[in-house]
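Below is one structure, written out as structure tokens; the observations come after it.
Chain letters run A, B, ... following the sequence lines, proteins first and then strands; every chain starts at 1.
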Amino acid sequence: MMTITEKIFAAHCGRGQVSPGELVNAKVDFVLANDITAPIAIKEFSRIGAGDVFDRERVTFVPDHFAPQKDIKAAEQCRMLRDFSAGHRLKYYYEVGRMGVEHALLPEEGLVLPGDLIIGADSHTCTYGGLGAFATGVGSTDVAAAMALGELWFKVPESVKFIYYGKPGRWVGGKDIILHTIGDIGVDGALYMAMEFEGETIRDLPVYGRLTICNMAIEAGGKSGIIAPDEKTEEYVKVRAKRAYKFYSSDPDARYASVREYDASRIPLTVSCPSMPSNTKPAAELSQVKVDQVVIGSCTNGRIEDLREAARIIKGRKVNPNVRLIVIPATQLIYREAMREGLLDAFVEAEAVVSTPTCGPCLGGHMGILAKGEVALATTNRNFVGRMGHPESSVYLSGPAVAAASAVLGRIGTPDELGL
Amino acid sequence: MVFKGRVWKFGDDVDTDAIIPARYLNTSDPAELARHVMEDADSEFPKKVKAGDMIVAGKNFGCGSSREHAPIAIKAAGIQTVIAKSFARIFYRNAFNIGLPIFECPDLAENVKEGDVIEVDGDRGVIHAGGKEFQVKPIPPFMNELVAAGGLIEWTKKRLAGRK
């Protein structure tokens, strides 16, 4: 009687059974870091004196945060990643032109797979739970240790189950489901826990929506988010996987710290107001909020389906003259697909800008920074004070449909206000 | 390990963007990070804080990003310890891994003011403040093993040596 999370841990420490609260040393299947976190990991790794990484096919660095290199210091950091990758003959390294936002890129590349135990020096590593992996964010020193040993210590987390039933309303997607849930339980509502999402709504949800939900588990304090893999997962991974993978699922009598149920048909188009992801309101109640900038992209909502949804609303309309709309396809593949489908043309025709893949404005890095007092609506994952620029700017979070509609309206709004 | 220090107070859910804003993450130099510690929570803080000071906060301290730059900035600013009602998970791991002592103490924040001088007895797991004694939550045994080894890097060296 184990949860999917406990089964993955048991399999990775060679045990028949593990229990929540136990400290274990577990093998890791994949280790990643980005241009902000890898420099520290590289320095710490060299202090260990291990020489080689444990497996040159299972460690990768993705320069995505301040890349394309935004200034000299950022360029120096990115160069450390490239030099280390070349020096240690890492099989996978993603220079600008091949790179994308890491948590969109690695599932697309088939490097993070169902049943894996994955650590990344980036808090949104939990995204891969959408494929049925245990994946969690750690610091750079943890990554350094795992790069040397191929294993890391973990406390087996308790699991908390979130069950969704019912058909979501029009335009309501994974982002609304997770924002609504975080609004319900708070930014530490699942502290240290594995958040397991299930129910008919989740089974009906395509893989991209599942990745969006698991991406934001960290915003409720969760150690991980996870969704049991199924035929939709199989369809997604079988054409991409670069190694073998395994499906796990929770036993019917598995134990949970708590279980919560939601009627998804009653989840509205949802927006998180400044300055915590848990500060949620229905989008329809925020029509007085004017916006200066709208960002559509990120590891949360920069996938092709997100861009299609936004383009359905934008096409044939114009971005409000008081708004800057910045669209950021999360990977080069997504970029090309959006180009082929005419989505980029629709955005540019509407007077939006389309950026190269980057985390960029999500963390106030570059490519769309806010001035004092400015307001942004973004499909990103955090709206902390100063997140996208000046400490006195503010960020609202939503899914792509609300973001696109708001870019046209010049204020927070919903697609039905545009007759959609 | 017993140490005394002056208290700076912060509220609940202090996030890593407040501890060290991302605009400074184009470096990992501890001294440079320390110059901006807690800047988006209190823009004057980097000027006011002195070596030996302590941070006392509410619940979920260090939520948000995995950036190790957050505990590094705190440590490099000379702050001896952070005592909070609870910590976000990644911050908790990172603090131990880089050797910043932190303590969970549910009752302290309500009982101290900014500027108070308090005494932390890490060995006994108690804090003395305003003539009262407060219990801290015990550190998991494995974390003590890490601390005793001199941090995760030293612990990893030993483990690696044991394999050969």
Side-chain angles (χ1 to χ4, degrees), chain A residues 23 25 35-37 39-41 43-45 47-50 65-66 70-77 120-125 136-142 144-145 148-149 151 153 155 157 186-188 191-192 218-219 221-223 275-276 278 363-365 369 382 384-387 389 391, chain B residues 12-19 21-30 32 39-43 58-61 63-72 85-99 140-143 145-146 151-157 159-161 163:
Chain A
L23 285 165
N25 263 301
D35 53 309
I36 287 177
T37 57
I40 298 176
K43 281 185 217 160
E44 295 301 305
F45 179 79
R47 283 217 296 139
I48 295 169
H65 278 56
F66 292 164
K70 76 169 180 115
D71 56 25
I72 294 168
K73 284 180 176 174
E76 298 290 351
Q77 296 201 134
D122 187 278
S123 59
H124 294 108
T125 301
T136 192
V138 295
S140 301
T141 300
D142 277 320
L149 294 171
E151 61 175 37
W153 68 273
K155 185 162 85 175
V187 288
D188 62 349
L191 198 57
Y192 290 80
I218 180 69
E219 309 319 331
K223 181 169 192 161
S275 298
M276 280 287 150
S278 55
L363 74 162
I369 305 302
R382 289 198 176 123
F384 300 151
V385 170
R387 176 74 180 177
Chain B
D12 291 340
D13 304 317
V14 172
D15 62 78
T16 49
D17 282 85
I19 298 170
R23 59 186 176 275
Y24 304 119
L25 299 185
N26 54 4
T27 179
S28 57
D29 174 37
E32 209 171 319
E39 189 179 286
D40 280 4
D42 173 0
S43 59
K59 70 179 178 69
N60 200 27
F61 185 90
C63 63
S65 145
S66 69
R67 61 188 71 156
E68 211 161 284
H69 312 64
I72 289 172
K85 287 186 185 177
S86 63
F87 290 93
R89 187 191 70 83
I90 307 177
F91 183 91
Y92 189 82
R93 272 185 94 109
N94 285 348
F96 274 91
N97 286 345
I98 67 148
F142 180 74
M143 307 296 266
E145 198 185 308
L146 277 186
L152 181 64
I153 295 300
E154 296 304 319
W155 184 89
T156 303
K157 278 187 195 171
R159 192 163 174 94
L160 208 56
R163 279 187 186 176

- Message: Please determine whether the number of non-hydrogen atoms from other residues, nucleotides or ligands lying under 6.0 Å from atom NZ of B:Lys157 exceeds 12.
- Response: yes

- Message: Need one label for A:Asp35: side chain, backbone, both or neither, based on atoms under 4.5 Å from any heavy atom in chain B.
- Response: neither

- Task: Mind checking salt bridge (Lys or Arg N to Asp or Glu O under 4.0 Å) for B:Glu68 and listing every partner two or more places apart, or none if nothing turns up?
- Result: none

- Message: Heavy-atom cut-off 4.5 Å, strictly under: side chain, backbone, both or neither for B:Asn97 against chain A?
- Response: both

- Query: chain A heavy atoms under 4.5 Å from B:Ser86: which part of the residue, side chain, backbone, both or neither?
  - Reply: side chain

- Message: Can you tell me which of B:Thr16, B:Asp15, B:Asn94, B:Asp40 forms the most heavy-atom pairs within a distance under 4.5 Å of chain A?
- Response: B:Asp15

- Task: Check the pair B:Ser65, A:Arg382 against side chain to side chain donor-acceptor pair (under 3.5 Å), reporting the backbone distance first and the verdict last.
- Result: CA-CA 9 Å; B:Ser65 145; A:Arg382 289 198 176 123; 4.9 Å; no

- Message: Show the nearest heavy-atom pair for residues B:Ala88 and A:Leu191, with the distance to one decimal.
- Response: CA-CD1, 3.9 Å

- For A:Lys70, all residues meeting salt bridge (Lys or Arg N to Asp or Glu O under 4.0 Å), sequence neighbours excluded: none

- Against chain A, label B:Leu25 side chain, backbone, both or neither, depending on which of its atoms sit under 4.5 Å from a heavy atom there. both

- Honestly, the part of A:Tyr192 sitting under 4.5 Å from a heavy atom of chain B is both

- Query: Would you call B:Arg67 and A:Ile40 a side-chain contact if the rule is heavy atoms closer than 4.5 Å?
  - Reply: no

- Tell me, side chain or backbone of A:Leu23 under 4.5 Å from chain B's heavy atoms, or both, or neither? side chain

- Item | Contacting region of B:Glu154 [heavy-atom separation from chain A under 4.5 Å] | side chain

- Task: Select one option (side chain, backbone, both, neither) describing which atoms of A:Gln77 are under 4.5 Å from chain B's heavy atoms.
- Result: side chain

- Report yes if some heavy atom in the side chain of B:Phe96 is under 4.5 Å from a heavy atom in the side chain of B:Phe142; otherwise report no. no

- Item | Contacting moiety of A:Ile218, where chain B heavy atoms sit under 4.5 Å | side chain

- Query: Name the one of A:Thr125, A:Asp142, A:Ile36, A:Thr37 that satisfies side chain to side chain contact (heavy atoms under 4.5 Å, CB included) with B:Ser66?
  - Reply: A:Thr37

- Task: Below 4.5 Å from any heavy atom of chain A, which atoms of B:Phe91 appear? Answer side chain, backbone, both or neither.
- Result: neither

